[in-house]
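Report on the structure given below.
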Amino acid sequence: MHWSKLFIPTLRENPAEAEVVSHQLLLRAGYIRQLSAGIYSYLFLAQRSLRKIEQIVREEMDAIGAQEMLLPALHPAELWQESGRWGVMGDNMFRLKDRWGRDHCLGMTHEEVMTAIARGEMRSYKQLPQLWYQIQNKFRDEPRPKSGLLRVRQFLMKDSYSFDIDAAGLDVSYQKHHRAYGRIFQRCGLDYIVVEAHSGAMGGSQSHEFMVVSDAGEDFVAICKSCGYSANLEKAVSRPSAPQAADPVGNLTPEEFHTPGRKTIADVAAFTNLPETSQMKSLVMVADGKGVLALLRGDHQLSETKFASAVGASEVRPAHPEEMRKWLGADAGSLGPVGVNGLRVVADCALEGRRNMIAGANRDDHHLRNVTPGEDFQAEFHDLRQAAVGDGCATCGAPLDLRKTVEVGHIFKLGYKYSESMGLRVLNAEGAEVPVIMGSYGIGIERILSAAVEQRHDADGMALPAAIAPFVVVVTPVNSGEPAQRRAAEEIYQTCLALGLDALLDDRDERPGVKFKDADLVGIPFRITVGKKLAQGIVELVERHGKKLTEVPVAEAAAAVKSRVSELAT
RNA sequence: CGGGGCGUAGCGCAGCCUGGUAGCGCACCUGCCUUGGGCGCAGGGGGUCCGCGGUUCAAAUCCGCGCGCCCCGACCA
């Protein structure tokens, strides 16, 4: 294509609203324009790039035997009421009524629709397994859309669903996806990691996330470089660091002391001259409407996700000040586990075996010393704390690393959640009717593009991997006023096309600087520059990523790009 | 849902405090010139100053209400 005919509205300056690099560059390079908060138009360049990503996804999904479909984005409420998710999705679901006043929603995901199709048609285990997928818009009314295409309200997702007769079959479907996802992200040129994940509102047992390390991300993952353990922070387990001071020995009895105005762990630590690791942190939580006291070591943070699964609750929140006073008789800052009754008490494992610690006395401005779990109060021990820098790997003990990441893919074993609630059953070999076991697997298409930009950019713009760049090569005559340069450029461009390269001819009547800047900004992986040395039959080949420049004979330029591209693809 | 910031030409911003002709850079159009990293010169077009209401002889500017967007936190299949 000829650049002069295309709509590629590049900007010299960064739009003020863009904070993260991928957002800035996608706007500046003319890929996208914002329509509203978290809603973007994909212009020509973005569309080309996204289609290449989709194509890679399709090829790899097809390769594991998945069948592509396209389901509606508009769903009747009844479907979501059946699965029970109409009630739990809350404000994140876009809801609307049709002219008859019937409730509908825009699909946030498609378990319900897929299950509805399957239950209408599947009768026998002989029809299983099935792998179905689509690439479709998803709608989520995010409380805070942000970071360009990283958190938006309308986005493309490849979602697939597996239907199997038993857990062993689900394992196979899950593993197929695991491997296909690896190939997809690798072909897209992403440096990714796979981590154990929490399965959240989707329900289900096993789950992995595919993450790209980037400060623009929103998820933290814990990684052990020594044994390879890696997990989302919501789920990561760790060995706590050793307490900074040894516990006092002996069978001491709790003893109240006055702590005027000392509300925080740090205050009490300073006041008692004992480190935070000797303090007991007491958090009053409300889990599905019931009060629960959660205990942690003073320097640890509660993981609400772990807490929710430990107490088996679907909704948890910190208690309000009135609730704390009602249940424990004191304000936050003076709460503790001794003498508590009527509340369930759960404690983090890091407190197990500790002795004679400091805790709140459930009397304002008073604390207790010599509090020993199991003796001075009873508690259920669970892993409740968030893994932190300085913790050891639970598997091998080496120090854990925490990294910020962008989630580009997620695979789930759903189990029987939807087949049971929605009645998807088949006859097994014994003639008994059994529910089908399901899995669900997602990839964020735009996130692949954003993550690639986050991972591969420099001061001049994007340096996209050739596999997902909107064009592979741009042919740039330095001086378009020179007929010889123009002719040579056109010829090289035609040769590129003939070799099957996605080529672009920068035929604009612009100064060379403008053309170079634009090509760099847009991130075209290769540029063939036709300039002064044309007289000697030489043109330049510049690789965007790394800015490597080589001189090649005119006749070989296109082929040189072609062979470099195939090198990169392997 | 809590906290903060912003809204003036396509983009980036000044002007607002202290009310009185709406401005700068880039982009755009015309002509000349130039052609290896966002040239140069000359001329030109483009504004509901987010909206509504109020104060005032007079509002981009002061006051009130609303809307939108961004950031931090909460939340997040």
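Proteins get letters first, then strands, A, B, ... in listed order; numbering begins at 1 in each.
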Return the pairing partner of [N] with a 3.5 Å limit on both distances, Watson-Crick or G-U wobble; otherwise return none.
N     : value
B:C1  : B:G73
B:C49 : none
B:A58 : none
B:C28 : B:G44
B:G38 : none
B:C6  : B:G68
B:C33 : none
B:C16 : none

Check whether NZ of the Lys or CZ of the Arg A:R403 lies under 6.0 Å from the centre of the six-membered ring of A:F220 and within 45 degrees of that ring's axis.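 The answer is no, since A:R403 fails at least one limit relative to A:F220.
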Stacked cation flag A:K138 on A:F155, 6.0 angstrom / 45 deg: no
Distance-only donor-acceptor check, side chains [X] and [Y], under 3.5 Å:
X      : Y      : answer
A:Y174 : A:H208 : yes
A:T476 : A:D506 : no
A:Q134 : A:D159 : yes
A:Q24  : A:E19  : no

Counting distance alone, no hydrogens or angles: does the base of [N] have a donor or acceptor under 3.5 Å from a partner atom on the side chain of [X]?
X      : N     : result
A:D460 : B:G37 : no
A:R151 : B:C76 : yes
A:N14  : B:G12 : no
A:R508 : B:G38 : no
A:R28  : B:G10 : no

Provide the distance between the two P atoms, one in B:G51 and one in B:C41, to the nearest whole Å. 36 Å
A:H2 and A:Y493 aromatic ring geometry - parallel, tilted or perpendicular at 30°/60° bounds: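 Because their plane-to-plane angle is over 60°, the rings of A:Y493 and A:H2 count as perpendicular.
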Would you say A:Q34 reaches B:C70's phosphate, i.e. side-chain N/O to OP1/OP2 under 4.0 Å? yes
I need the CG-C1' distance between A:L302 and B:A74, as an integer number of Å. 14 Å
For RNA chain B, whose closest nucleotide is more 5', that of A:K146 or that of A:F516? A:F516
First of A:G442 and A:K533 reached from the 5' end of RNA chain B, by closest nucleotide: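 Here A:K533 is the residue nearer the 5' end.
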Considering only [options], which nucleotide approaches the side chain of [X] most closely?
X      : options             : result
A:E17  : B:G38, B:G12, B:C72 : B:G12
A:E142 : B:G37, B:C76, B:G73 : B:C76
A:P143 : B:C71, B:A74, B:C76 : B:A74
A:V514 : B:G37, B:C69, B:G38 : B:G38
A:E540 : B:A74, B:G36, B:C76 : B:G36

Applying side-chain hydrogen bond (donor to acceptor under 3.5 Å, both in side chains), name anything that partners A:T264, two or more places apart in sequence or on another chain.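 For A:T264, the residues satisfying side-chain hydrogen bond (donor to acceptor under 3.5 Å, both in side chains) (neighbours in sequence not counted) are A:D267.
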For every nucleotide of nucleotides 24-35 of chain B, 5' to 3': is a protein heavy atom under 4.0 Å from its base (B), only from its sugar-phosphate (S), or from neither (-)? -BSS------BB
